[in-house]
Amino acid sequence: MARVYNFSAGPAVLPEEVLKEAAEEMLDYKGTGMSVMEMSHRSKAFQQIIDEAEQDIRELMNIPNNYKVLFLQGGASQQFAAIPMNLKKNGKAAYIITGQWAKKAAAEAEKYLEVQRVASSADKTFSYIPDCSDLDIDDDADYVYICENNTIYGTKYHTLPNTKGHTLVADVSSCFLSEPVDVEKYGVIYGGVQKNVGPAGVVIAIIREDLIPEKVDISVPTMLTWKTQADANSLYNTPPCYGIYICGKVFKWIKKMGGLDAMKKHNEKKAKILYDFLDKSKLFKGTVVPEDRSLMNVPFVTGNEELDAKFVAEAKAAGLENLKGHRTVGGMRASIYNAMPIEGVQALVEFMEKFEKENA
Ligand SMILES: *Cc1c(COP(=O)(O)O)cnc(C)c1O
């Protein structure tokens with residue numbers, strides 16, 4: 001059975017090379033006589049895997065030494081709680097609401113501190129990023145929170161908000177390692193890896209050391225205390241070993257591809273093919289304002305629900321999978337993460353052209 005072009009928003013496509021390598025090492029990882037799934041997380045072999053993974057992501061993102069890199073569990077959603085639990089000082093935080101994930105993060109944070117929703121694009125179904133150049137942020141806010149790439153709505157911050165000196169916390173689940181990042185602009189960068197980096201089950205959190213409190217409220221679970229995880233170098237308990245191993249392979253793949261600069265060029269090239277087509281199509285329309293478009297998630301519609309469904313079904317039959325839009329938005333969405341080859345996007349656009357002719 002041939003592989004399809006998989007446009008899933010997450011879990012999502014991984015580099016074929018990585019999957020093949022993992023398959024080759026499945027029964028006997030480098031002469032250990034066992035799979036990475038079967039070995040102790042305290043073994044030398046696994047220590048080397050996690051150490052190299054950390055070193056490689058540090059290199060790729062140019063992460064300064066005063067930032068910790070943690071490999072955690074619980075999905076991005078668990079950090080929605082861990083963030084306020086660990087960053088709470090004055091008991092107040094500013095959230096910018098650009099879609100479902102920011103909304104959920106704000107709702108979760110509200111259990112632990114006062115949330116001020118300082119901007120939102122809800123008025124136009126999150127089809128744009130609000131102006132964040134002069135937000136009304138209280139001086140004593142503990143942090144400013146954004147979801148940097150909105151997986152469901154297909155928007156991305158191309159300029160970070162002016163936080164007025166406050167710590168910026170960003171959920172980068174769906175744009176992790178898609179382009180170069182200036183880590184120093186953030187206090188916390190985190191994301192679930194299942195969109196652009198690896199298999200579900202791993203969350204990577206990059207946290208400036210001074211933001212990791214020595215003490216948190218006694219009610220904060222040990223596992224959600226960043227200091228526990230940081231002091232134990234992500235090995236406080238059994239980490240998601242196999243997932244970390246695959247992430248490590250993806251890091252090496254990105255390095256081989258030329259790093260994040262090359263990734264960005266590759267992603268821009270792919271996205272341009274699709275957006276250029278959407279801009280001239282008479283049938284399909286992109287749903288996001290051009291200046292805030294994501295390179296990773298591209299939602300589009302025909303304006304006719306039946307036709308949308310027909311498109312998704314026929315695309316699937318043609319080997320273009322998982323193009324159905326999020327249940328809250330409808331229409332279609334093509335997620336074209338790092339590992340989606342340019343041929344996949346070309347095949348999608350050719351199919352859309354054909355579909356447009358047939359359904360004119
Ligand atoms: C998928 C996604 C999440 C949720 O991730 P889980 O790992 O399922 O908790 C959060 N934020 C963004 C931006 C996402 O794309």
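Note: hydrogens, waters and symmetry copies are ignored here, and every other heavy atom, side chains too, is used. Both counts, for ligands and for their atoms, begin at 1 and track the order of listing.
- At the top of the distance list for atom 1 (C) of ligand 1, counting protein heavy atoms only, stands K195 NZ, 1.5 Å.
- For ligand 1, the atoms sitting less than 4.0 Å from at least one non-hydrogen atom of Q194 are 5 (O), 6 (P), 7 (O), 8 (O), numbered in the order shown with element in parentheses.
- A side-chain N or O of T155 and one of N150 form a donor-acceptor pair less than 3.5 Å apart.
- Side chain of H266 to main chain of N338: a donor-acceptor pair is present (N/O by atom type, distance under 3.5 Å, no hydrogens or angles).
- Note: Y186 and Y67 fail the aromatic proximity criterion, with ring centroids not under 6.0 Å apart.
- Y157 and D292 are not linked by any side-chain donor-acceptor pair at a separation below 3.5 angstrom, with hydrogens and angles left out of the test.
- Short contacts between ligand 1 and G75, defined as distances under 4.0 Å to a heavy atom of the residue, involve ligand atoms 7 (O), 9 (O).
- Using bins of under 30°, 30° to 60° and over 60° for the plane-to-plane angle, the ring pair F284/F355 lands in the tilted bin.
- Closest protein heavy atom to atom 9 (O) of ligand 1: S77 OG, 2.6 Å.
- Less than 4.0 angstrom separates some heavy atom of T151 from each of these atoms of ligand 1: 12 (C), 13 (C), 14 (C), 15 (O).
- Distances from atom 11 (N) of ligand 1 to the heavy atoms of T98, N150, D171 show the closest one on D171.
- Taking the ring axis of W101 as reference, the NZ or CZ atom of K195 stays within 45° of it and closer than 6.0 Å to the ring centre.
- Within the listing of ligand 1, atoms 13 (C) sit less than 4.0 angstrom from a heavy atom of C147.
- Close N/O approach between A76 and ligand 1 is found [any backbone or side-chain N/O within under 3.5 Å].
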